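These numbers come from a predicted model, not from an experiment.
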Amino acid sequence: MKKAKVLGLLLCGCLVFSSFTSTYAATSDEIANSAQKYIGHSLQNYTAGDFIHYTLKGAGISSSTSLATLYKQGTPVSSSNAKRGDIAFFGSSSSNLFASGVHLGNNQIAVAYKPYGSVKVLSTTDTVVKNNLLGNRSFATTTESTPPSPTTSPTTPPAIDHKEALIQAGLKYLGTPYEYGSSRANTDTFDCSDFVRQVYLDGVGLDLGKGGSSSQYNYLINTGAQIKTDWRQLEKGDIMIFMPYRGTAESNYTTNRTAIGHSGIYMGDGKVLHTYSKDSGGVRVDSIANRHWEYRFIAGGSPLTK
């Protein structure tokens, strides 16, 4: 990373707070989950401090938008002890901070740095990350969710959030290279349907089969899944089925809408988690609305929801 104006998020307002106050005890998971909502957001008109401000705000914490101020707050954490939800600061000194990040776990970190064009997920072992990391701070008041009540039966298993499990399973592969016709025997590379299959296999232990996007659409139908033709009705973890790419104009997708050429995972917040070409950088997150992803969408749903 080089010194630069940093980061922008498609957010509103930029109120600057002179002090740090927490409105309630935020967990590390709440902070990390808040940061994940901004993965893929365009980096325009705002600062790296805004990314942290709104990430913390989403977890119920009021904070400054100044990186220099934020760096002086929270609890210092060494790189070896950094955990999911901790905030990372990049720069040459506390007075020269030019990027920020949020640890997501599994050696992944969401980084806000304007030259990247959007909020990106990098590996914490990446040379760029290690060479420019100035320090980490924890703003979490608690690190775990409230433990179960003593009256809870020890034989009753906790409820599993399948939707979140699917998203987390997909996010750990961010940046994995694309390969058309990739092998289903490993996770070194993915094509679109291979990635969707692996997400369901890792997230909920369900094998969708080794077929392509058309096969996955048929799987949804044959398992009695609730099929949704409006992507805005989708829920986290739903499989998305798309037409083949025909350009960026909406008019290109008004005919022959039964042709299937792509699949992905709905991430929530109007985003799709998927992979589609070598040039795009492998597994990534894209916004759907008013883009060819919206025009190409055919149907979606989850085999877990009947």
From [atom1] ([X]) to [atom2] ([Y]), nearest 0.5 Å:
| X | Y | atom1 | atom2 | answer |
| --- | --- | --- | --- | --- |
| K120 | D126 | NZ | CG | 13.0 Å |
| T176 | Q198 | OG1 | CD | 10.0 Å |
| H53 | S62 | NE2 | OG | 7.5 Å |
| Q36 | Q108 | CD | CD | 10.5 Å |
| R197 | S263 | CZ | OG | 12.5 Å |
| K83 | S138 | NZ | OG | 3.5 Å |

Looking only at heavy atoms, what is the nearest atom pair of [X] and [Y], with distance?
| X | Y | result |
| --- | --- | --- |
| D188 | P177 | O-CD, 3.6 Å |
| S213 | I260 | CB-CG2, 3.7 Å |
| Y200 | G237 | OH-O, 2.5 Å |
| S79 | L133 | OG-CD2, 3.3 Å |
| A99 | Y113 | CB-CD1, 3.9 Å |
| K228 | Q233 | CD-O, 3.5 Å |

Donor-acceptor contact below 3.5 Å, side chain [X] vs main chain [Y]:
| X | Y | value |
| --- | --- | --- |
| D191 | G181 | yes |
| N96 | S93 | no |
| R296 | R257 | no |
| N33 | D29 | yes |
| Y295 | N252 | no |
| T223 | P303 | no |
| D238 | E235 | yes |

With a 4.5 Å heavy-atom cut-off, do [X] and [Y] have their side chains touching?
| X | Y | value |
| --- | --- | --- |
| S100 | L67 | yes |
| L201 | L206 | no |
| Y54 | T65 | no |
| H103 | T124 | yes |
| I265 | V272 | no |
| F139 | I87 | yes |
| L56 | L70 | yes |
| T55 | Y38 | yes |

So that I know where these two stand, are [X] and [Y] an aromatic pair - ring centroids less than 6.0 Å apart?
| X | Y | result |
| --- | --- | --- |
| F195 | H274 | no |
| Y276 | W293 | yes |
| Y173 | F190 | yes |

> Taking the inter-plane angle between the rings of F242 and H262 on a 0 to 90° scale, is it parallel (under 30°), tilted (30 to 60°) or perpendicular (over 60°)?
Replying inline: tilted

No-hydrogen, no-angle side-chain donor-acceptor test under 3.5 Å, [X] and [Y]:
| X | Y | result |
| --- | --- | --- |
| T127 | N131 | no |
| D194 | S182 | yes |
| S277 | S280 | yes |
| N81 | S78 | yes |
| Q216 | S193 | no |

>> For a side chain to side chain contact (heavy atoms under 4.5 Å, CB included) check, start with the C-alpha distance between L104 and I39, then their side-chain angles and the critical distance, and finish with the verdict.
In response: CA-CA 11 Å; L104 303 177; I39 295 172; 4.1 Å; yes

Any salt bridge linking [X] with [Y]? Criterion: basic side-chain nitrogen under 4.0 Å from a carboxylate oxygen.
| X | Y | result |
| --- | --- | --- |
| R137 | D86 | no |
| R184 | D207 | no |
| E294 | R232 | yes |
| K271 | D286 | no |

Tell me whether [Y] is reachable from [X] by hopping between hydrophobic residues (I, L, V, M, F, W, Y) whose side-chain heavy atoms are closer than 4.5 Å.
| X | Y | answer |
| --- | --- | --- |
| V285 | V121 | yes |
| L174 | Y266 | no |
| I288 | I227 | no |
| L304 | V199 | yes |
| M243 | L234 | no |

> In chain order, what residues pass the ring-ring contact (aromatic ring centres under 6.0 Å, His included) check against Y71, with sequence neighbours excluded?
Replying inline: F89

>> Quick one, L171 with M267, criterion side chain to side chain contact (heavy atoms under 4.5 Å, CB included). Give me CA distance, side-chain angles, the key distance, then yes/no.
In response: CA-CA 10 Å; L171 287 173; M267 189 177 168; 3.9 Å; yes

> side chain to side chain contact (heavy atoms under 4.5 Å, CB included) between Q73 and T69: does it pass, once the steps are laid out?
Replying inline: CA-CA 7 Å; Q73 299 169 340; T69 300; 3.5 Å; yes

> Taking only residues two or more places apart in sequence, or in another chain, which ones meet K172 in a salt bridge (charged side-chain N to carboxylate O under 4.0 Å, His left out)?
Replying inline: D202

> Restricting to pairs with a member in residues 202-240, which pass ring-ring contact (aromatic ring centres under 6.0 Å, His included), not counting sequence neighbours?
Replying inline: none

> Checking side chain to side chain contact (heavy atoms under 4.5 Å, CB included) for the pair T27/I31: CA distance, chi angles, key distance, verdict?
Replying inline: CA-CA 7 Å; T27 67; I31 294 173; over 6 Å; no

